[in-house]
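First the structure, in the form of structure tokens, and then the observations on it.
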Amino acid sequence: MRTSFFSVAAAAALAFAGLGSAADADEWKSRSIYQVMIDRYAHDDGSTDTTCEMHLFCGGTWKGLKNKLDYIQDMGFTAVQISPIVKNMNDHTAVGDAYHGYWSVDNYALNDKFGTEQDFKDLVAELHKRDMLLMVDVVVNNMVQAFDNVVPPKIDFSKFNPFNDEKYFHPYCNVTQWENSTDYQNCWLYPYGVALADLATETKPVADELSKWVKGLVANYSIDGLRIDAAKHVNDAFLPQFVEASGVFAFGEVLTGVPKDMCRYQTLGLLPGMPNYLEYYPLNKAFNGGSLADVAKLRNDAASTCNDTLVLGSFIENHDMPRFANQNDDLALAKNAMTYILLNDGIPTVYQGQEQHFKGNGTPFNREPLWTSKYDKTAPLYTLTATLNKARNNAIKLSPEYLSKTSETLWVDVNHLCLKKGPAGSQIVFCINNKSSKGDSYESTVGGFKPNEKIVEVVGCKTSTTNSFGNVTMYMGNGEPKVYVLASSLTGTDICPQTTEDAPVKKKNGAGVLGVTGSVLLTAVIGWAAVFLA
Ligand SMILES: *[C@@H]1O[C@H](CO)[C@@H](O)[C@H](O)[C@H]1NC(C)=O
Ligand SMILES: *[C@@H]1O[C@H](CO)[C@@H](O)[C@H](O)[C@H]1NC(C)=O
Ligand SMILES: *[C@@H]1O[C@H](CO)[C@@H](O)[C@H](O)[C@H]1NC(C)=O
Ligand SMILES: *[C@@H]1O[C@H](CO)[C@@H](O)[C@H](O)[C@H]1NC(C)=O
Ligand SMILES: *[C@@H]1O[C@H](CO)[C@@H](O)[C@H](O)[C@H]1NC(C)=O
Ligand SMILES: *[C@@H]1O[C@H](CO)[C@@H](O)[C@H](O)[C@H]1NC(C)=O
């Protein structure tokens, strides 16, 4: 249910049906999110020829985003997450300007660097017209002022709205103990160039004011969901109160790779969802000298520690981490990572520029203006994303069970991970690998279907038929991912309008078909089966 479209009667009817806020989480589970940093997405006029300094404003706006929604929607995304919208400080600091929107000074004014209030409302209206949801990033941990590194910082609290008095803040201390929650929740984060004056969210006046504020923000602008920045750095009890007041679904940023540290936010009912930092680390590593078996292991750990992995946000890039291609720019690896993100359990979240294979390092270099790509819709990761989002959207349409059950692991070894997502009839069977574009050509096999079914591999648009055991022969090569669906499930879609019969991958130089001999294949299958059973 889209909250913004609720009439009072519809909301009451839903509450009566016993759904309420659960419907919000369920609606978000069906979505696929494209993450936008407003200053870096598009100019008002859509121009693509301007350059800019990465630590200063680059000129992207809400109107720019509104005018370029086709680019996002044509990739199959059904929701957009945007950087914070409230007024920030204007100071220039040693670490740059507030182009990213995270340096709030006035929660009750929109950020005029990104346009007028009407521009923002027009953006939201256009998203909703397209049946797309809007998630807005909000900052609750702190208010911000420039800082000359003289400790303790001298803050002019009168500049903040509404928290215009020292009494709303924790006394200054610098976070130093990252394992001590009192320290990382009550001390001030990141005291370099800016002072992040730390709000005392455990006090009633601060908690009540932030709850009142977010309720108004969501209602005034028809916001459908929130990302809560630095959620780990505010006290636990604040979070559920704040989320409840907002009335919408929220991802809270909990930056940890340790299942028990993240999952407690779910099992204690503190947050409805979190970006999936648990899988982020092993997934990243699997493509950088690690193993896909470690991803499978983490999946099991998370499944047994969290109570609902379906509501985590699957990602491999965001505005805080170095780009995937910064470490290894091999395109086949990026395709496998993208395939996993889009078809994994949970809510896919793709950060702008990932589809253009951007390569920036840590902040601010991971915030490249998207216009430098000229919004190229023929880029290989763009077209892959479009295909896989469409396949996912189609599977959800065919059976809501796609969203309510976690995927089944069909096969895993250090180089491969094959999962089956969704019930028979609308299942997606996919295999990622970490062999890179230099990967060898070989045949392998994966299950997940019934005997003698017609299937389509949608990345290459290849058709084949499952064997008498319901297995698919995979013709692997060049490290490409494989994604199989039933041919019958594609009726009425524009996925793979033209297909060819699947066949062994030819060597890149065209020197001939590189298959494997029967005995090599058999050995391979037995080897994999052993890993599978271990
Ligand atoms: C904050 O602590 C870090 C060590 O964790 C130290 O490097 C930095 O200088 C401190 N900054 C201030 C302003 O105290
Ligand atoms: C945790 O941090 C707080 C605040 O900095 C400090 O008072 C407390 O002693 C620390 N606890 C431990 C166990 O070190
Ligand atoms: C929402 O609108 C109301 C009525 O105009 C206003 O009083 C309130 O401050 C607004 N809230 C926010 C967060 O903009
Ligand atoms: C997860 O735990 C929370 C808090 O106990 C509970 O409200 C929620 O229903 C649980 N979800 C699932 C899928 O078990
Ligand atoms: C893929 O996994 C293997 C086995 O763990 C590892 O040796 C290899 O370096 C990985 N490939 C990449 C590109 O990281
Ligand atoms: C079918 O594929 C699975 C992997 O999903 C494999 O373990 C099994 O050996 C295959 N069976 C046959 C008969 O090919």
Side-chain angles (χ1 to χ4, degrees), residues 84-87 93-95 104 106-112 116-117 120-121 124 136 138-140 145-155 161-163 171-180 183-184 187-198 208-223 226 242 245-248 281-297 316 324-325 327-337 340 412-417 431-440 476 478-481 527-528 531:
I85 60 174
V86 306
K87 190 171 162 55
T93 78
V95 290
S104 323
D106 185 351
N107 284 348
Y108 285 90
L110 290 183
N111 193 330
D112 59 10
T116 63
E117 178 167 30
F120 185 63
K121 288 185 165 169
V124 181
V136 171
V138 291
V139 177
V140 295
Q145 186 188 292
F147 172 43
D148 53 12
N149 292 339
V150 176
V151 191
K154 280 193 192 41
I155 306 291
N161 184 25
F163 300 111
Y172 176 77
C173 51
N174 177 10
V175 176
T176 52
Q177 303 168 52
W178 297 95
E179 303 295 320
N180 173 350
D183 193 73
Y184 66 68
C187 290
W188 297 22
L189 284 167
Y190 193 79
Y192 311 96
V194 284
L196 306 190
D198 205 79
D208 286 352
E209 165 50 39
L210 284 169
S211 294
K212 184 192 101 192
W213 166 70
V214 78
K215 189 170 184 218
L217 192 79
V218 163
N220 293 2
Y221 300 111
S222 307
I223 292 165
L226 303 171
F242 180 78
S246 78
V248 293
Y281 295 104
L283 187 62
N284 210 50
K285 193 147 181 250
F287 298 107
N288 288 285
S291 156
L292 277 164
D294 290 340
V295 175
K297 183 179 175 305
I316 191 72
F324 181 81
Q327 299 171 77
N328 187 337
D329 69 357
D330 183 272
L331 185 60
L333 294 179
K335 286 186 185 174
N336 281 279
Y340 185 77
V412 56
D413 76 0
V414 292
N415 296 119
H416 302 88
L417 177 59
C431 287
I432 58 165
N433 71 82
N434 78 340
K435 296 216 160 198
S436 88
S437 44
K438 295 187 205 79
D440 49 337
M476 306 294 291
N478 308 322
E480 291 279 314
W528 294 336
V531 170

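All ligand and atom numbering here is 1-based and tracks the order in the structure. What you see is a predicted model; the values in this text were computed from it and never measured.
Among the atoms of Tyr221, none of the N or O lies under 3.5 angstrom from an N or O of ligand 3. Of the polar atoms of Asn174, at least one N or O is found under 3.5 Å from an N or O of ligand 1, judged by distance alone.
Using a 4.0 Å cut-off between heavy atoms, Tyr108 contacts ligand 3 through its side chain alone, with no backbone atom that close.
Between the side chain of Asn336 and the backbone N or O of Ile432 there is no donor-acceptor pair closer than 3.5 Å. With Gln145 contributing its side chain and Lys154 its backbone, the two residues share a donor-acceptor pair below 3.5 Å. Of the possible polar contacts, one joining the Asp330 side chain to the Ser437 backbone as a donor-acceptor pair under 3.5 Å is found. Formation of a donor-acceptor pair under 3.5 Å by the Asp183 side chain with backbone atoms of Thr176 is found in this model. Without hydrogens or angle criteria, Asn434 side chain to Ala286 main chain gives a donor-acceptor distance under 3.5 Å.
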Within the protein, flag every N or O under 3.5 Å from an N or O of ligand 5, and note the pair and distance.
residue  : atom   : partner : partner atom : Å
ligand 5 : 2 (O)  : Gly290  : O            : 3.0
ligand 5 : 2 (O)  : Asn415  : ND2          : 3.4
ligand 5 : 2 (O)  : Asn434  : OD1          : 3.4
ligand 5 : 2 (O)  : Asn434  : ND2          : 2.4
ligand 5 : 5 (O)  : Gly290  : O            : 2.9
ligand 5 : 11 (N) : Asn434  : O            : 3.2
ligand 5 : 11 (N) : Asn434  : ND2          : 3.0
ligand 5 : 14 (O) : Phe287  : O            : 3.3
ligand 5 : 14 (O) : Asn288  : N            : 3.3
ligand 5 : 14 (O) : Gly289  : N            : 2.6

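Tested against Asn107 for a side chain to side chain contact (heavy atoms under 4.5 Å, CB included), the candidates Val138, Asn161, Leu210, Leu217 yield a single pass: Leu210. Partner of Lys435 under the side-chain hydrogen bond (donor to acceptor under 3.5 Å, both in side chains) criterion, chosen from Asp440, Asn478, Asn415: Asp440.
For the atom pair CG of Leu417 and OG of Ser291, the computed distance is 9.5 Å after rounding to the nearest 0.5 Å. Interatomic distance, Leu196 CG to Ile155 CD1, rounded to the nearest 0.5 Å: 9.5 Å.
At least one heavy atom of Val151 sits under 4.0 Å from some atom of ligand 1. Within the structure, the closest approach of Trp188 to ligand 1 does not fall below 4.0 Å when heavy atoms are considered.
Taking a cut-off of under 4.0 Å to the non-hydrogen atoms of Tyr172, the atoms of ligand 1 that pass are 12 (C), 13 (C), 14 (O). Numbered from 1 in the order shown, with element, the atoms of ligand 1 that lie under 4.0 Å from a heavy atom of Tyr192 read 3 (C), 7 (O), 8 (C). With ligand atoms numbered from 1 in the order given, ligand 3 contributes 13 (C) to contacts under 4.0 Å with heavy atoms of Trp213.
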Inset, instruction - Show the numbers, then the answer: is there a ring pair (Phe, Tyr, Trp, His ring centres under 6.0 Å) between Trp178 and Tyr184? - result: CA-CA 6 Å; Trp178 297 95; Tyr184 66 68; 7.0 Å; no
